[in-house]
Amino acid sequence: MAETAYTLIEDATSLQQACREIGGHRLVAVDTETTSLDPYDGRVRLLQLSTTDGNYVIDLFQINALDSAGLRELLTSPAHIKVLHNAKFDLKMLLYHFGIEVGPIFDTFLASKLIAAGRPDLGHGLAAISARILNEYVDKSMQTSWWGGRLTEEQYRYAARDSEILLPLREQLTSQLVELGMVEVAKLEFDCVLPLSAMELAGMAIDTECWRRQTATVLRAHEIISSELKQQLAAGIEQLSLFGEPDINLDSPTQIIDTLGRMGIQVEGTRSWQLQPLAKDHPVIAKLLEYRTVQKALSSYGDSMLEHLNPKTGRLHPDFHQIGATGGRMSCSNPNLQQVPNTPEYRSCFRAPQGRKLVIADYSQIELRIIADWSEDTRLVKALMSGEDLHSVTASQMLGVPLGEVSKEQRAMAKQLNYGLIYGLGPQGLSARINVTIEEAEALIRTYFATYSGVAAWLKEAADRAITDRENRTRSGRLITFSFDPLDRAQVAGMERLGKNAPIQGSCADIIKRALILLHEALRPLDAQIVNCIHDEIVVEVAEAEADHCRSIVEREMMAAAREFIRSVPASVDIVIADAWLK
DNA sequence: GGCACCGGCCAC
DNA sequence: AAACGTGGCCGGTGCC
């Protein structure tokens, strides 16, 4: 390939000229180079634009190009599709620094992830997909160079190359998306980038004093419990440390197993489910379980959370991975705000700032509604439509007892079955969860599927498809592929469970992503931001005076999003206005 | 010293 | 020793 040619733009006249030339194109590749990965920390140095006619590199340190109406029009007009790689990064930068919402977009990163359909072995960086799809080499060595000073010819050329490659990539990726029937889901994903960018930029407020108090409390408990545990383990410890303390690392499973062994307690592993049955007979085991809880609380949810505070905003700005799981679910990191312990001690620290409220909304039983709708199981549909407590209705239908006479145990059993079926729960699993033998569990599962025979048929078909076709789809058409060794029974069984679970879980992701899109648009007139999203839950921060209005918008848009994917069962949204992240 | 892996455990 | 799916984070451990 020939060396990348580009036009460097540093003045208004050449910018105008470039905008005229680019304005005639429907497809415009866009990229930025910035002085930091954090929008609050860095500045945008270069804005690169490419069409099939040429590459333009705008030096934003030389010209305030985003003041230009022509350029803003290009970046926001539906007449031009903006092609970016991992657009969330650039969109955040442009949104924060210039208040501009870039769109509509085509994201080569997300397109590549969709096409990979859950295969984990493929990289999706720009260099990786250029090599794989175009057989073209892209040098990323300049990526981490300093973009804040005087730029070299090499840096400009690298920058131009990054946007130049995007249009040929889009062309190939588009035909693959068409071939795989994923145009619709691609649109969904692309439209979701802006809401996610805004969400990350907004970040979530945390009451640091509250968090520190909580951490200090746990630390005191940790000190007491660890010394008690060491004392109780002393009998099994051969050696004392120089200070006369039992010499053991409580966080080392191997040392724990050895020590317990010398005390006459044989264990294979020290996971809580393995220890739980022994806790009654051995106080030391109970103490160990207690220790684990505070150790986890301290290590995962202690000071490390506060290390992610943004110095500029004083808030937490996590990274959401838009296509994080194979089924299309999002994941989250740095910090992972999708795994904050669901207890008041922790959640109450996530408090809206003065004068603001949180609107907390989650879909109720969304995965069951997806199955009911998809399988057209009349009894499950009816159960969900009845407005009665679903698990009680299930128990009543299964056991033929009147709804009012369903016992607590019967309801608990039905609840386990309702939720477990999504994951391919077996007799062993069920018997471990409720107090029945494996034979009884088997019978209950048979009764369940006799009651909901449509669900049974749907699940069987989904599992069979995973094995024979080695693929499945969510409601949006998102493809999920399965790779396994057909001679390995354990692997086949695993794939059958995945085949049942992934389309359901992924369809839930379809719905919540659509909700984020609709909600971002609908909240535009309000002083409100989406601040978190946890699989079937959305958290919005809003000015106190607009909280009620916001609440009705959130409910309306979440319901509308669900209606696009499930028709025969209405969605149900539980929603509260609160000061902190508590329901 | 950095990296990959694992055991363990938090969320939905 | 595992049991029902998807993730991320932690500390320990062993390798290079």
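In what follows, chains carry the letters A, B, and so on, assigned in the order in which the sequence lines appear, proteins first and then strands, with residues in each chain numbered from 1. As the structure is a computational prediction, the values presented were derived from the model and not from experiment.
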**OP:** Taking only the side-chain nitrogens and oxygens of A/N336, find out if one of them lies under 4.0 Å from OP1 or OP2 of C/dG7.
**Re:** no
**OP:** Under 4.0 Å between any heavy atoms, over every strand shown, what does A/Q505 touch: base, sugar-phosphate, or nothing? Just pick one.
**Re:** base
**OP:** Consider the side chain of A/R271, meaning its heavy atoms from C-beta on, and name the nucleotide among B/dC9, C/dC9, C/dG11 that approaches it most closely.
**Re:** B/dC9
Original post:
What about A/R329: does its side chain form a donor-acceptor pair under 3.5 Å with the base of B/dC12?
Top reply: yes
**OP:** Tell me whether the OP1 or OP2 atom of C/dT13 has a side-chain N or O from A/Q255 closer than 4.0 Å.
**Re:** yes
**OP:** Look at A/S300 and C/dG8 and indicate whether a side-chain polar atom (N or O) is within less than 4.0 Å of OP1 or OP2.
**Re:** no
Original post:
From C/dC10, C/dG5, B/dG7, pick the nucleotide closest to the side chain of A/P253?
Top reply: B/dG7
**OP:** Identify whether any heavy atom of A/T293 sits under 4.0 Å from a base atom; if not, whether one sits that close to sugar-phosphate; answer base, sugar-phosphate or nothing.
**Re:** nothing
Original post:
Is the phosphate of B/dC9, meaning OP1 or OP2, less than 4.0 Å from a side-chain N or O of A/S272?
Top reply: yes
Original post:
With a 4.0 Å cut-off on heavy atoms, is A/Q295 in touch with a base, just the backbone sugar-phosphate, or nothing at all?
Top reply: sugar-phosphate
Original post:
Can you find a side chain N or O atom of A/S331 that sits less than 4.0 Å from OP1 or OP2 on C/dG8?
Top reply: yes
Original post:
With respect to A/E189, which candidate in A/K88, A/K113, A/R514, A/R478 satisfies the salt bridge (charged side-chain N to carboxylate O under 4.0 Å, His left out) definition?
Top reply: A/R478
Subject >> Closest to the A/T326 side chain, choosing from C/dG8, C/dT6, C/dA1 >> reply: C/dT6
Subject >> Any A/T270 side-chain N or O less than 4.0 Å from OP1/OP2 of B/dG8 >> reply: yes
Original post:
Where the side chain of A/L498 is concerned, which of C/dG8, C/dT6, C/dG11 is the nearest nucleotide?
Top reply: C/dT6
Original post:
Regarding A/R470 and the six-membered ring of A/F484, is the cationic atom NZ or CZ under 6.0 Å from the ring centre and inside 45° of its axis?
Top reply: yes
Original post:
Knowing that exactly one of A/Q339, A/H321, A/Q338 qualifies, which makes a side-chain hydrogen bond (donor to acceptor under 3.5 Å, both in side chains) with A/S333?
Top reply: A/H321
Original post:
A/S299 has a side chain; which of C/dC10, C/dG5, C/dG7 sits nearest to it?
Top reply: C/dC10
**OP:** Look up atom CZ in A/R411 and atom CD in A/Q416, then write down how far apart they are to the nearest 0.5 Å.
**Re:** 11.0 Å
Original post:
Under 4.0 angstrom, heavy atoms only, what part of the nucleic acid is A/T254 near: base, sugar-phosphate, or nothing?
Top reply: sugar-phosphate
Original post:
Where the side chain of A/P341 is defined as all heavy atoms beyond and including C-beta, which of B/dC10, B/dC12, C/dT6 is the nearest nucleotide?
Top reply: B/dC10
Subject >> Nearest atoms (heavy-atom pairs only) where A/T474 meets A/I480 >> reply: CG2-CD1, 3.8 Å
Original post:
Which one, B/dA11, B/dC10, B/dC9, comes nearest to the side chain of A/N342?
Top reply: B/dA11
